[in-house]
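Report on one structure; see the data block that follows.
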Amino acid sequence: MPGFGTNGPSVAVARRAGSRRRERFIQQLFLLPAVAYILIFFGYPVVKNVVMGFQNYSMKSFFTGKAPWVGLQNYESVVSSPIFSSALINTIVFTICSIAGQFVIGLAIALYFRKRFPLNDLLRSLILLPWLLPLIVSSAIWRWLLDQDNGALNRILELLLLADRPGWLTTTSLSLVACILVNIWIGIPFNVAILYSGLQEIPEELYEAGQLDGATGWTAFRWITWPLMRPVVSVVLMLGVIYTLKVMDLILGLTGGGPANSSQTLATQSYHLSFVQFQFGQGAAMANILVAISLIFALLYLYINKFAGKS
Amino acid sequence: MSTSSSLQISSNRKRRHRNNRHGGWRHTVFGVLILGILLFPVYWMVNVSLQQGGAAAMTPWLPIDITLHGYAKAFQDQGGHLLTSLIVASGSVVFSLLVAAPAAYALAVFRVRWANAVLLAILVSQMIPGIVVANALYGAYTKIGLLNSILGLILADSSAGIPFSILILNAFMRSMPLSVLEAARIDGAGPLRTLVSVVLPMSRNSIVTAGLFTFLFSWSDFLFALTLTTTDDVRPVTLGLYVYISGFISDWSSVMATSVLASIPTIVLLVFAQRYIAAGTTAGAVK
């Protein structure tokens with residue numbers, strides 16, 4: 001906007017600079033509540049957990065305000081406890097198996113829905129239902145489905161003569177399997193939705209051209225679909241890992257980490273330490289280890305992506 | 001960016017249209033079968049909720065002998081919790097949008113110096129496990145008296161809605177033509193006035209999407225309900241359901257009836273707000 005006025009150009013410039021500074025200030029006010037919220041509800045907890053991890057922070061600390069500094073003692077006792085190694089392995093197995101199952105089934109369904117048929121849109125939107133249900137509702141439903149004596153799953157398996165009433169949630173060897181199964185069920189819709197929209201971005205012409213060269217079915221998938229889907233796939237998998245690592249509601253609702261800690265993960269164990277045993281220092285230490293793992297994974301993802309971008 | 005994406009959408013739509021016309025119903029049958037398997041647990045929830053459900057009884061496969069006693073019990077036990085959930089989720093929608101809308105506007109339109117830093121912080125915040133937040137908030141809430149309070153839950157539950165809303169609103173507002181904002185400015189509207197009477201009405205769809213998802217996030221919250229309440233004064237239905245299923249269950253039909261009631265927002269959303277859900281789901285990937 002040209003500065004026209006009777007005061008001459010220099011005054012106008014100065015006034016404009018002043019009003020611009022004022023405007024800048026107002027603009028930053030718009031951002032202030034969000035920045036404050038993020039600092040309080042994400043920044044503070046991260047810092048507080050790091051500090052708590054070095055303190056003997058128990059229920060008493062909340063009333064006395066005293067939490068003695070104990071150095072690495074929390075980490076030592078957390079890591080040396082026999083639950084830690086099994087929780088770590090469970091977390092890794094739970095994450096890898098959940099992601100693999102969700103992704104493979106999700107991709108298969110997404111590919112199927114590329115076909116042309118009536119009601120395609122309606123069916124595809126209804127698939128989202130399990131993903132949008134509150135996790136604790138899903139846990140409740142599956143608690144009853146997986147019930148040893150009267151659960152629908154065992155009744156179906158028995159009808160098909162496939163198995164003799166396994167105790168999905170009550171056997172140490174099956175509880176994690178059950179959690180993975182349910183988590184796959186919850187994650188399929190998200191994978192279908194994202195992968196399907198990725199598939200839709202691939203121009204049909206490529207397939208038509210491929211067809212002329214004899215590329216159909218698996219060949220078309222291998223040489224057209226898969227390379228073009230790589231970016232979408234890497235996003236889905238990365239988000240999947242980050243979200244799955246911190247899954248808690250589902251396991252607490254299904255098995256509570258049991259029986260005998262057989263389905264305990266780092267996240268649920270952190271909850272147990274803090275809110276069942278009231279060892280907040282140890283709970284924080286455990287949570288920090290979990291954060292470190294997902295941080296390592298995110299950095300690895302960024303590194304690989306950068307590498308893939310270069311080559 | 002907006003034109004290319006809207007072109008994409010229209011070409012997708014064209015393609016889909018062609019799909020349907022050439023479609024074979026035999027594919028639909030298999031599609032229904034896939035859906036049937038995936039949604040069987042949901043069917044089972046409804047089925048059990050409508051029948052007499054003792055723990056020792058095998059629920060019949062079809063709800064032929066319908067009884068509403070499960071719902072009666074669910075309302076009696078969980079009615080108050082449902083109301084709490086409704087208040088907390090609605091409060092969280094209002095609070096999240098109040099915080100997120102100006103921020104998204106500032107990030108998208110003003111060239112604020114630390115815009116990228118804020119967006120990065122939001123992305124990183126998605127990695128932070130809820131238990132980390134809960135660990136820290138429990139202590140802070142104890143100190144300032146927010147434990148067992150509606151306000152405390154609204155604030156904590158918004159930790160899902162605020163980042164999501166900022167991202168989704170920011171993505172839309174970036175695509176807004178700057179000429180419209182410039183016009184408002186020339187008409188003498190300040191930034192706040194521009195936001196309220198120009199930007200927000202234009203962003204109606206994204207605001208609805210952000211609001212619906214925020215409602216769903218807060219309604220579904222379990223972790224904060226579990227850790228930031230210690231009495232049953234303020235108890236959302238998710239926690240009520242958890243308390244139900246963590247004890248010995250003698251009556252599954254009321255548990256499943258509660259589950260059905262707790263699923264109502266999801267079902268309403270899926271049926272009536274389909275297009276917003278689709279928008280939010282793909283935004284989830286951008287997130």
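Chain identifiers are assigned alphabetically (A, B, ...) following the order of the sequence lines, protein sequences preceding nucleic acid strands; residue numbering begins at 1 within each chain.
With a threshold of 4.5 angstrom between heavy atoms, D249(A) approaches chain B through its backbone and through its side chain. For chain B, the nearby part of I242(A) is the side chain; its heavy atoms alone come within less than 4.5 Å. Residue T258(B) does not touch chain A at all, counting heavy-atom pairs closer than 4.5 Å. Contacts between I245(B) and chain A at a heavy-atom distance below 4.5 Å involve backbone atoms as well as side-chain atoms. Contact of L252(A) with chain B is made through backbone and side chain together, with heavy-atom distances under 4.5 Å. Heavy-atom distances place both the backbone and the side chain of L133(A) under 4.5 Å from chain B. Heavy-atom distances place both the backbone and the side chain of V32(B) under 4.5 Å from chain A. Contact annotation for I141(A): both backbone and side-chain heavy atoms come within less than 4.5 Å of a heavy atom of chain B.
Chain A forms the most heavy-atom pairs under 4.5 Å with one residue out of T142(B), L137(B), L38(B), and that residue is L38(B). Heavy-atom pairs under 4.5 Å with chain A were tallied for L155(B), L195(B), V271(B); the largest tally goes to L155(B). Heavy-atom pairs under 4.5 Å with chain A peak, among S159(B), S263(B), G130(B), at S159(B). Considering only heavy-atom pairs separated by less than 4.5 Å from chain A, the leading option among A134(B), P265(B), G190(B), A101(B) is A134(B). Contact count against chain A (heavy-atom pairs under 4.5 Å) is highest for P41(B) among P41(B), G31(B), A103(B), A121(B).
Using a 30° and 60° split on the angle between ring planes, F113(A) and F117(A) fall in the tilted class, from 30° to 60°. In this pair, Y37(A) and F42(A) present their aromatic rings perpendicular. The plane angle is above 60°, beyond the 30 to 60° band. Between Y112(A) and H27(B), the two ring planes are perpendicular [angle over 60°; tilted spans 30° to 60°]. Between W219(B) and F215(B), the ring planes are parallel. Angles under 30° get that label, and only those over 60° would be called perpendicular.
Residues R116(A) and N120(A) bring no donor and acceptor atom of their side chains to less than 3.5 Å of each other.
The structure places OH of Y271(A) at 11.5 Å from CD of Q277(A), a figure rounded to the nearest 0.5 Å.
Ring to ring, F275(A) and Y138(B) are close: their centroids are under 6.0 angstrom apart.
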